[in-house]
**Student:** 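Quick one: structure below, then a few questions.
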Amino acid sequence: METIGILIQIIILLLFAATCLSFTLFPILFDADVKNKTGKGFLNRWLTGIEFICLIGCFDPSSDSFYGNLGCLFLSMAVSAMLAWKKAKKLHFENKEALGAVFAQVFSPVSLLFFVIMIGRLLHKLKKDREK
């Protein structure tokens, strides 16, 4: 009986990991798909950069500027969602695909942040291995 409980926990963990990975890779895959179809990428790099900077600013909830950074993040997400919706409609996407475009634009800094954290951890581990 204990083995079944462990297997269920492993399955739940794998489903959670797959969900996180899909949220991380969705903006990249969506942009690549649109680029293959139209010849141009969909994601706005400037808005992704602004959202990324605002997201980094929200890491320390104990700082005095946390709520200002959080407001800046929500504002930048709203602006990028509106501009992504307009761009999707301009490219004649259907509503479902336009909604996917909005999600791809809004989640693109999360994807970028994931890769930055993973590269940082890898470099930190390599530095530790060299020191040994």
Side-chain angles (χ1 to χ4, degrees):
M1 198 66 181
E2 189 173 312
T3 308
I4 294 173
I6 291 172
L7 286 174
I8 290 173
Q9 288 177 354
I10 290 172
I11 290 171
I12 290 171
L13 181 66
L14 288 175
L15 287 174
F16 180 73
T19 303
C20 290
L21 188 61
S22 66
F23 273 121
T24 302
L25 292 177
F26 176 71
I28 297 166
L29 296 175
F30 183 84
D31 193 45
D33 184 46
V34 170
K35 194 170 194 172
N36 285 338
K37 288 179 182 176
T38 63
K40 289 183 178 180
F42 182 81
L43 297 179
N44 188 331
R45 307 293 185 224
W46 288 100
L47 288 174
T48 299
I50 291 170
E51 284 180 274
F52 183 71
I53 291 168
C54 294
L55 186 63
I56 289 174
C58 293
F59 273 121
D60 186 17
S62 63
S63 74
D64 293 338
S65 62
F66 173 73
Y67 293 109
N69 293 338
L70 192 62
C72 178
L73 176 65
F74 286 138
L75 182 65
S76 66
M77 288 173 78
V79 168
S80 67
M82 284 186 340
L83 292 177
W85 183 263
K86 280 185 172 184
K87 188 173 183 179
K89 287 302 181 179
K90 189 176 181 181
L91 292 173
H92 305 293
F93 287 172
E94 295 177 13
N95 284 341
K96 190 174 182 181
E97 196 173 12
L99 191 60
V102 169
F103 281 126
Q105 181 64 51
V106 170
F107 285 123
S108 62
V110 175
S111 173
L112 182 65
L113 183 65
F114 174 75
F115 289 118
V116 167
I117 288 173
M118 294 309 291
I119 290 171
R121 285 188 178 185
L122 177 67
L123 291 176
H124 182 69
K125 185 178 180 194
L126 289 173
K127 183 179 175 184
K128 273 188 168 179
D129 289 345
R130 268 197 190 157
E131 290 176 356
K132 287 183 181 180

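No experiment lies behind these values; they were computed from the predicted model shown.
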**Student:** Quick one: pull up CD in Glu51 and CG in Leu113 and give me the separation to the nearest 0.5 Å.
**Tutor:** 12.0 Å
**Student:** Apply side-chain hydrogen bond (donor to acceptor under 3.5 Å, both in side chains) to Arg121 and list each qualifying residue two or more places apart in sequence or on a separate chain.
**Tutor:**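 With sequence neighbours excluded, Arg121 shows a side-chain hydrogen bond (donor to acceptor under 3.5 Å, both in side chains) to no residue whatsoever.
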**Student:** Do Phe74 and Tyr67 share a hydrophobic cluster, counting only Ile, Leu, Val, Met, Phe, Trp and Tyr and linking them when any side-chain heavy atoms are less than 4.5 Å apart?
**Tutor:**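 Linked, Phe74 and Tyr67 end up in one cluster.
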**Student:** List, by chain and then residue number, the residues other than Leu15 in its hydrophobic cluster (Ile/Leu/Val/Met/Phe/Trp/Tyr, side-chain heavy atoms under 4.5 Å); write none if there are no others.
**Tutor:** Ile11
**Student:** Applying ring-ring contact (aromatic ring centres under 6.0 Å, His included), can you list everything that pairs with Phe52, at least two apart in sequence or on another chain?
**Tutor:**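 Once residues adjacent in sequence are excluded, Phe52 has no partner under the ring-ring contact (aromatic ring centres under 6.0 Å, His included) criterion.
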**Student:** Which pair of non-hydrogen atoms, one from Phe30 and one from Ala104, has the smallest distance, and what is that distance?
**Tutor:** CD2-CB, 3.8 Å
**Student:** Who are the side chain to side chain contact (heavy atoms under 4.5 Å, CB included) partners of Lys37, not counting sequence neighbours?
**Tutor:**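 Side chain to side chain contact (heavy atoms under 4.5 Å, CB included) check on Lys37 returns Asp33, Glu97.
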**Student:** Please check if the number of heavy atoms outside Asp64 that lie under 6.0 Å from its CG is greater than 12.
**Tutor:**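 No, not enclosed.
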**Student:** Run through the side-chain heavy atoms of Ile, Leu, Val, Met, Phe, Trp and Tyr, join any pair under 4.5 Å, and report what else lands in Leu75's cluster.
**Tutor:**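 Via sub-4.5 Å side-chain contacts, Leu75 links to none.
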**Student:** Kindly write out the residues that satisfy salt bridge (Lys or Arg N to Asp or Glu O under 4.0 Å) with Asp60, not counting sequence neighbours, or none if the list is empty.
**Tutor:**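 Asp60: no salt bridge (Lys or Arg N to Asp or Glu O under 4.0 Å) contacts found.
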**Student:** For Leu7, which fellow cluster members are found when Ile, Leu, Val, Met, Phe, Trp and Tyr are connected by side-chain heavy-atom distances below 4.5 angstrom, either directly or through intermediates?
**Tutor:**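 Besides Leu7, the hydrophobic cluster comprises nothing; the residue is isolated.
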**Student:** For residues 84-96, which side-chain donor-acceptor pairs fall under 3.5 Å, sequence neighbours excluded?
**Tutor:**
from: Lys87; atom 1: NZ; to: Phe42; atom 2: O; distance (Å): 2.9
from: Lys89; atom 1: NZ; to: Asn95; atom 2: OD1; distance (Å): 2.5

**Student:** If two hydrophobic side chains count as joined below 4.5 Å and joins carry through other members, does Ile28 share a cluster with Phe114?
**Tutor:**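 Both belong to a single hydrophobic cluster.
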**Student:** Using the side-chain hydrogen bond (donor to acceptor under 3.5 Å, both in side chains) criterion, which residues pair with Asn44? Sequence neighbours excluded.
**Tutor:**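 Per chain and number, Asn44 pairs via side-chain hydrogen bond (donor to acceptor under 3.5 Å, both in side chains) with no residue.
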**Student:** Would you compute the distance between atom CG of Leu83 and atom CH2 of Trp46 and round it to the nearest 0.5 angstrom?
**Tutor:**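 It is 15.0 Å, given to the nearest 0.5 Å.
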**Student:** Which residues pass the side chain to side chain contact (heavy atoms under 4.5 Å, CB included) test with Cys58, sequence neighbours left out?
**Tutor:**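 Checked Cys58 against side chain to side chain contact (heavy atoms under 4.5 Å, CB included); matches are Phe66, Asn69, Leu70, Leu73.
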**Student:** With sequence neighbours left out, what residues match Lys125 under salt bridge (Lys or Arg N to Asp or Glu O under 4.0 Å)?
**Tutor:** none
**Student:** Between CG of Leu21 and OG1 of Thr24, what distance do you get to the nearest 0.5 Å?
**Tutor:** 6.0 Å
**Student:** Shared ILVMFWY cluster between Phe115 and Leu29, side chains joined below 4.5 angstrom?
**Tutor:** yes
**Student:** Can you measure from OG (Ser76) to CG (Leu47) and round to the nearest 0.5 angstrom?
**Tutor:** 8.0 Å
**Student:** Taking atom CZ as the centre, does Phe59 end up with more than 12 heavy-atom neighbours from other residues, nucleotides or ligands that are less than 6.0 angstrom away?
**Tutor:**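 Buried by this count: over 12 neighbours within 6.0 Å.
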**Student:** Do Met82 and Ile50 sit in one hydrophobic cluster, given that two such residues count as connected whenever their side-chain heavy atoms are within less than 4.5 Å of each other, even indirectly?
**Tutor:** no
**Student:** How are the rings of Phe107 and Phe103 set relative to one another: parallel (under 30°), tilted (30 to 60°) or perpendicular (over 60°)?
**Tutor:**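 Judged by the thresholds at 30° and 60°, the geometry between Phe107 and Phe103 is parallel.
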**Student:** With sequence neighbours excluded, give me every salt bridge (Lys or Arg N to Asp or Glu O under 4.0 Å) pair touching residues 39-50.
**Tutor:**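 Of all non-adjacent pairs touching residues 39-50, those that pass salt bridge (Lys or Arg N to Asp or Glu O under 4.0 Å) are Asp31-Arg45.
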